[in-house]
Amino acid sequence: MSTSSHIARRAFLGATGSLLLPQAHAQSGPVEGKAPNMIIHSRRPEDYEMPLDGFLQAITPVESFYVRSHHYTPQVDLERYSLHVGGEVAAPYSINLRDLKKLPRVELVGVMECAGNGRSFYAPKVPGLQWTNGSVGNARWAGVRLADVLKTANLKATARHIMLDGADVAIGTMPKFQRSIPIKKAIDPDTMLAYEMNGKPLTPSHGFPLRVVVPGWGGDCWVKWLTGIQVLDHEFDGFFMKTGYRHPGKGVPPGSTVDPAQMKPIESVHVKSVIATPRDNATMGQGTGRIAGAAWSGEVPLAKVEVSLDGGRSWSLARLTSSNGKWGWQTWDYAWNATPGVYKIMARATDANGYAQPAEQEWNPSGYLWNVIQTVRVEVMPMSAAAYTNSCLGCHNEDLIRGQKLTRAQWEREVDKMMRWGAQVPGDQKTGLIDYLTTKFKP
Ligand SMILES: Nc1nc2c(c(=O)[nH]1)N[C@H]1C(S)=C(S)[C@@H](COP(=O)(O)O)O[C@H]1N2
Ligand SMILES: [Mo]
C-alpha cells in the first residue's frame, strides 16, 4: 500500500481505526434492502419507519422492519470481529462469532419497540425523531443466552449491571451509544445475543453480526453490532443512561421540564394496539368490513384487544389471529356489518394486570412510551357512493363532475375515458357507479 492511500485509509477508519467502514447511502429513492414504502426519517444515520400495513403481518419481514440508529451503520468484518466480556468477572475473555455459536442455540418471537414510537402525537411537541406508529416490529430472533455468555466469564458477587457496547462510532462529539441493563434482566433465560433475524443473519442496519434481544423492554436496550460486555457494580453512567431514555414514571404537565435525576431509565414498554385497516378518513362501502391490526405488551403479557365503533362508548372483543408466544405481538381482527354513517373506530389493548391503554396522553419531556388509544374516522356509504368517492374524487373535486348533466350512455363513455386516464374502478362496481352518476347528475 502506498503512503498516501495508507493515510487516506487511516482517516477513513476514523479515530478508533477499528473494524468498520461507513456505509454509502443513496440520497433519494428507496433504501437498499428496505421496502419501497418505508417512511424515511433520516438516511444518515439510518432511521426508517414501518408503514401501517406492517401491522397486518404476524411476523415483520426484515425489509419492513423499522431502523433506529443514533450513529452511522458500521460494516463489521467477521474476520476481525470478536466480542469482549470483561469488568466484574473472574475470567474475562474474547470470543469470535464461530465459537459463540457453539453455545446452545435459542429462539423466540419478540416485539421490539423504540421508546420514542408515537412521539409525533404528543402535544406540545417534543424534539426527537417524529415517529408515528411504526418504530416497532415483531421478528423471530435466534442466538445464544446472554446468561450463558456471562457464565463463561464467571461473574463476581459485585456484578449489578451489564454494560453493552456496539461497534458504531459516535458522530462528532456526541456521546457514544452505550446502555446497561440490570443483572436480573441480563440473566433471564429469554434475554439473548441474537445473530439471526427471521432465519437469516442480521443485516448491517439491524446489528450484524450480533445484537442484544431484551424481550419486553424498549428498543434502546437492544444494542446492535455488539462488541463489548462490561460487567459493572453500578448502573452505567453514560449519556444514554443518565440523560437520554429516561421517563418520569408518570405523565407530567405538558411542556414542563423534569430534572433527569427525577426520572428513571426506560425498561418495559407499555401495552398498545395499532389499527392497520381501515385508514383514518377512509371511505368504505357498506357491508362486511374488517378492522385489523396488531397489539403487544411489555413484561406483562397482553390479555385482550377490544374494538369500539362509537368513539369509546361501547367495546367488543377482537379476535387474536396469531400465536406469537409470550414476547411477540399478536395480530387481531374484528368483522363488522358496516351500515352508512360516520364512525369513530378505536382499538384498546389491556395487559394481564388489567392496565388498559389510556384515552389521554401521559406527556413526558422526551415523548416516550406513547400508547394512547388510536382513533380512525371512517365514513361508510352505500356501495355505489363509496365507489364514486374512492374512484372519482381523487384527481378532481365533484364540481368538475356536477356541471355535466349526462345520459346513461354518456356517463358510461365518461367513466371509460376516466378509466383510460387512470381512474381505478373495481370491476364489480362499475355498473353501480354508472347508475349512481346517472341518477345524481341527470340531464
Ligand atoms: N449500537 C447501537 N445499538 C442500538 C442503537 C444504536 O444507535 N446503536 N439504537 C437502539 C435503539 S434506540 C433502537 S429503538 C433499536 C432499533 O433497532 P433496529 O434498528 O434493528 O430496529 O436499536 C438499539 N440499538
Ligand atoms: Mo429507540
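Computed over heavy atoms, backbone and side chain alike; hydrogens, waters and symmetry mates excluded. Order of appearance sets the numbers: ligands from 1, and atoms from 1 within every ligand. The structure presented is a predicted model; accordingly, all values stated were derived computationally and were not measured.
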Proximal atoms of ligand 1 relative to [X] (non-hydrogen, under 4.0 Å):
X      : answer
Cys114 : 14 (S)
Trp225 : 1 (N), 2 (C), 8 (N)
Trp222 : 22 (O), 23 (C), 24 (N)

### Task
Please report which non-hydrogen protein atom sits nearest to atom 11 (C) of ligand 1, along with the residue it belongs to and the distance in Å to one decimal place.
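Checked against all protein heavy atoms, atom 11 (C) of ligand 1 sits closest to Gly219 O, 3.6 Å.
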Can [X] be said to touch ligand 1, with heavy atoms closer than 4.0 Å?
X      : value
Ser69  : yes
Glu113 : no
Glu46  : no

Per-residue contact class, [X] against ligand 1 - non-hydrogen pairs under 4.0 Å:
X      : answer
Phe177 : side chain
Val67  : both
Tyr72  : neither

### Task
On the 0 to 90° scale, with breaks at 30° and 60°, tag the His70-Phe177 ring pair as parallel, tilted or perpendicular.
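If you compare the ring of His70 with that of Phe177, the planes turn out parallel.
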### Task
For a side-chain contact (heavy atoms from CB on, under 4.5 Å) with Leu193, tell me which candidate from Leu103, Leu146, Val223 qualifies.
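Going through the options one by one, the only one that passes is Leu146.
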### Message
Tell me the nearest of Glu49, Arg211, His70 to atom 22 (O) of ligand 1, using heavy-atom distances.
### Response
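Looking at heavy atoms only, Arg211 sits closest to atom 22 (O) of ligand 1.
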